[in-house]
Amino acid sequence: MRILFSSTPGYGHLLPQLPLARAFRDRGDQVAVLTSESFRPLLAAEDIPLFAVGPEALEILAEATRRSGASAAAAAEPTPAAVAEFFAGTRVDLTADAALDAGREFRPDLIVGEATDYVGPLVAAALEVPFAKLAFGPQLPAEFIDVFDAVVESRHKERGLTVPPPAWYLDPCPEVLQGPGWEPPQGHLPLRPEAHQGPGVGSVPAPAAPTADGARPRVLLSFGTSYAEPAVLRPLIDALTPTADVVVTLGLTATAADYGDGLDRVEFVGFTPFDELLDGIDLVVTHGGAGTVLGTLVRGLPMVVVPQGADQFLNAAAVAGARAGIAVLPPAGPEAVAEAMTEVLGGSEYRDNAARAAGQVAAMASPSEVAERLAAALG
């Protein structure tokens, strides 16, 4: 079979698709990815071909901001209209023609797109092939989805196409993180999430044992690839290090020197598969990206979530609602984050709830099982 994955050009959008892409690849299927050129090295290491289509995320954001008239400050509290312009409007406009050419060249039997990818469905509609939507966290609120749908419908109509409903909704989010009254959408198929692993790594690690009494806890401070600004993280480091040893992820561009001096109890790491970062960790302090949240729960680890923008407030609320961690919302500062760390580590409640979430994750169908099921359905 020929499976084409389509992704917004962002690590948080592409990485959650890799386990299923690997599963199809390992079955012997032909797999390729539609996204921007910057992800070629990552995909080459996976032996997965890239169709480089469309601009990078920053170029899309600049054009979407120009079109919508939104200020840069609006990114922290995005409106449905501004977000829809980025994902369903501007990105489709700047990417669709190249994506359609790539789709005709590859001739897929199935297109899989992540939850905010609206290029893949357009290609699926034009080629008349099935489309599967792969979520990456709790279902987005209806007030966002409705605006997305309206914007992308106009892009399809311009090309004489109808937006295809997904034949499958592949869902890596355990039910404990879904909002009140959540109902599985049509075609719902659970898909076990994984913390991002390097090429060739396929084992599922056992949950980490808590630090022994009397030892300083080991805390991972990770704000992903787009939000890891030294000016944001340094105050958090200063608040956490009096009582914890801290591992800090640098994102894609920062260096340890950007954080200044006096950080003897801090370990800085560059871009590393998230699965490796969790070894020996007691608590994750995070911005609340969906991949980070689900990857942390795979290990049964509790969190302190400090959302910065995008869908992170939704994920923070989900973690807090599951009592698998604490959400620290603005304008609360670094001291509140340190207090939340102390509370989470001070007893077993949050770790126990995180372990229960990990149990739900473990019961979900593996990427290999989902690949087999989709292949069987496609004949």
Using atom types as modelled, flag every donor-acceptor pair under 3.5 Å from a side chain in residues 228-242 to any protein atom, sequence neighbours excluded.
residue, atom, partner, partner atom, Å
R234, NE, D238, OD1, 2.9
R234, NE, D238, OD2, 3.2
R234, NH1, Y259, O, 2.5
R234, NH1, D261, O, 3.1
R234, NH2, D238, OD1, 3.2
R234, NH2, D261, O, 3.1
T241, OG1, I237, O, 2.9

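- Looking at heavy atoms from C-beta onward, Q139 lies in side-chain contact with P185 at the 4.5 angstrom threshold.
- A 4.5 Å side-chain heavy-atom check between V284 and V304 finds every atom pair outside the cut-off.
- Every side chain to side chain contact (heavy atoms under 4.5 Å, CB included) that L345 has, sequence neighbours left out, goes to P217, D282, L283, M341.
- Nearest heavy-atom pair across T35 and S7 is OG1-O, 3.0 Å.
- Looking at R25 and E46, a side-chain N of the basic residue comes within less than 4.0 Å of a carboxylate O on the acidic one, giving a salt bridge.
- Between the side chain of E267 and the main chain of V248, no donor-acceptor pair closer than 3.5 Å is present.
- Distance alone, capped at 3.5 Å, is enough to place a donor-acceptor pair between the D258 side chain and the T255 backbone.
- With Q312 contributing its side chain and V306 its backbone, the two residues share no donor-acceptor pair below 3.5 Å.
- Taken from CG in L34 to CD1 in I111, the straight-line distance is 7.0 Å, to the nearest 0.5 Å.
- The side chain to side chain contact (heavy atoms under 4.5 Å, CB included) test applied to T162 returns no partner, not counting sequence neighbours.
- The side-chain heavy atoms of L170 and L374, taken from C-beta on, include a pair separated by under 4.5 Å.
- D171 places a side-chain N or O within 3.5 Å of a backbone atom of C173 that can act as its donor or acceptor partner.
- In terms of modelled atom types and a separation under 3.5 Å, the side chain of T296 and the main chain of L294 share no donor-acceptor contact.
- Salt bridge present: R299 and D275 bring a charged side-chain N and a carboxylate O closer than 4.0 Å.
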Side chains of residues 323-334: which donor-acceptor partners sit under 3.5 Å, not counting sequence neighbours?
residue, atom, partner, partner atom, Å
R323, NE, E349, OE2, 3.0
R323, NH1, Y350, OH, 3.4
R323, NH2, E349, OE1, 3.3
R323, NH2, E349, OE2, 3.2
R323, NH2, Y350, OH, 3.1

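- Residue Q186 places its CD atom among 12 or fewer non-hydrogen atoms of other residues, nucleotides or ligands, all under 6.0 Å distant.
- A donor-acceptor contact closer than 3.5 angstrom links the side chains of T90 and E85.
- At a threshold of 4.5 Å between side-chain heavy atoms, the hydrophobic network of Ile, Leu, Val, Met, Phe, Trp and Tyr places V123 and L43 in two separate groups.
- Evaluation of the ring pair (Phe, Tyr, Trp, His ring centres under 6.0 Å) rule for F131 yields no partner, not counting sequence neighbours.
- Checked by atom type, the side-chain pair T249/S222 shows a donor-acceptor distance below 3.5 Å.
- Contact record, S6 with G120: OG-N, 3.3 Å, taken as the closest heavy-atom pair.
- When the shell of 6.0 Å around CG of D47 is examined, it contains 12 or fewer heavy atoms from other residues, nucleotides or ligands.
- Proximity of D149 to V163: side-chain heavy atoms (C-beta onward) are nowhere separated by under 4.5 Å.
- For the atom pair NE2 of H196 and CG of L277, the computed distance is 9.5 Å after rounding to the nearest 0.5 Å.
- Considering every non-hydrogen atom in both V129 and P108, the closest pair reads CG1-O, 3.3 Å.
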Legend entry - side chain to side chain contact (heavy atoms under 4.5 Å, CB included) evaluation trace for V112 with I3: CA-CA 7 Å; V112 180; I3 316 297; 4.1 Å; yes
Legend entry - Stepwise salt bridge (Lys or Arg N to Asp or Glu O under 4.0 Å) check, D117 with R91: CA-CA 9 Å; D117 170 65; R91 178 170 177 255; 2.7 Å; yes
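- For E56, the salt bridge (charged side-chain N to carboxylate O under 4.0 Å, His left out) criterion is met by no residue, not counting sequence neighbours.
- Between F5 and I48, the closest side-chain pair of non-hydrogen atoms is not below 4.5 Å.
- Atom CD of E183 and atom NE2 of H188 lie 11.0 Å apart (nearest 0.5 Å).
- Nearest heavy-atom pair, P138 versus Q178, reported as atom, atom and distance to 0.1 Å: CA-OE1, 3.6 Å.
- Residues passing the side-chain hydrogen bond (donor to acceptor under 3.5 Å, both in side chains) test with N353, sequence neighbours excluded: R356.
- Annotation: side chain of S154 is not in contact with side chain of V152 (no heavy-atom distance under 4.5 Å).
- V285 is connected to L263 through a chain of hydrophobic side-chain contacts under 4.5 Å among Ile, Leu, Val, Met, Phe, Trp and Tyr, so both are in one cluster.
- F87 is linked by a ring pair (Phe, Tyr, Trp, His ring centres under 6.0 Å) to H13, counting only residues two or more places apart in sequence or in another chain.
- Proximity of a side-chain donor or acceptor of D29 to a complementary backbone N or O of R2 within less than 3.5 Å is not detected.
- The two atoms that bring A115 and A135 nearest to each other are CB-CA, 3.9 Å, heavy atoms only.
- Residues L278 and L220 approach most closely at CD2-CD2, 4.0 Å, considering heavy atoms.
- Proximity of Q17 to V33: side-chain heavy atoms (C-beta onward) are nowhere separated by under 4.5 Å.
- For E153, the salt bridge (charged side-chain N to carboxylate O under 4.0 Å, His left out) criterion is met by K157, not counting sequence neighbours.
- Taking the side chain to side chain contact (heavy atoms under 4.5 Å, CB included) definition, one finds that A32 meets it with L4, P49, F51, F106, sequence neighbours left out.
- Under a 4.0 Å N-O distance rule, the pair D245/R218 does not qualify as a salt bridge.
- For the pair T292/H287, a side-chain contact is recorded, criterion being any heavy-atom separation below 4.5 Å from C-beta on.
- Within the model, atoms CD of E194 and CG of L20 stand 10.0 Å from one another, a figure rounded to the nearest 0.5 Å.
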Inset, instruction - Step by step, work out the side chain to side chain contact (heavy atoms under 4.5 Å, CB included) result for L42 and L15. - result: CA-CA 10 Å; L42 174 74; L15 295 183; 3.8 Å; yes
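- Distance check, rounded to the nearest 0.5 Å: OG of S368 to CZ of F24 gives 10.0 Å.
- The backbone N or O of A357 sits nowhere less than 3.5 Å from a side-chain atom of Q360 that would complete a donor-acceptor pair.
- Atom OG1 in T8 sits 7.5 Å away from atom CD1 in I60 (nearest 0.5 Å).
- When the salt bridge (charged side-chain N to carboxylate O under 4.0 Å, His left out) test is applied to R373, no partner is found at least two apart in sequence or on another chain.
- Within the structure, side chain to side chain donor-acceptor pair (under 3.5 Å) pairs that include any residue of residues 93-103 comprise R67-D93, D93-R155, D97-R159 (at least two apart or interchain).
- Between the side chains of E63 and T65, no donor-acceptor pair is found at a separation under 3.5 Å.
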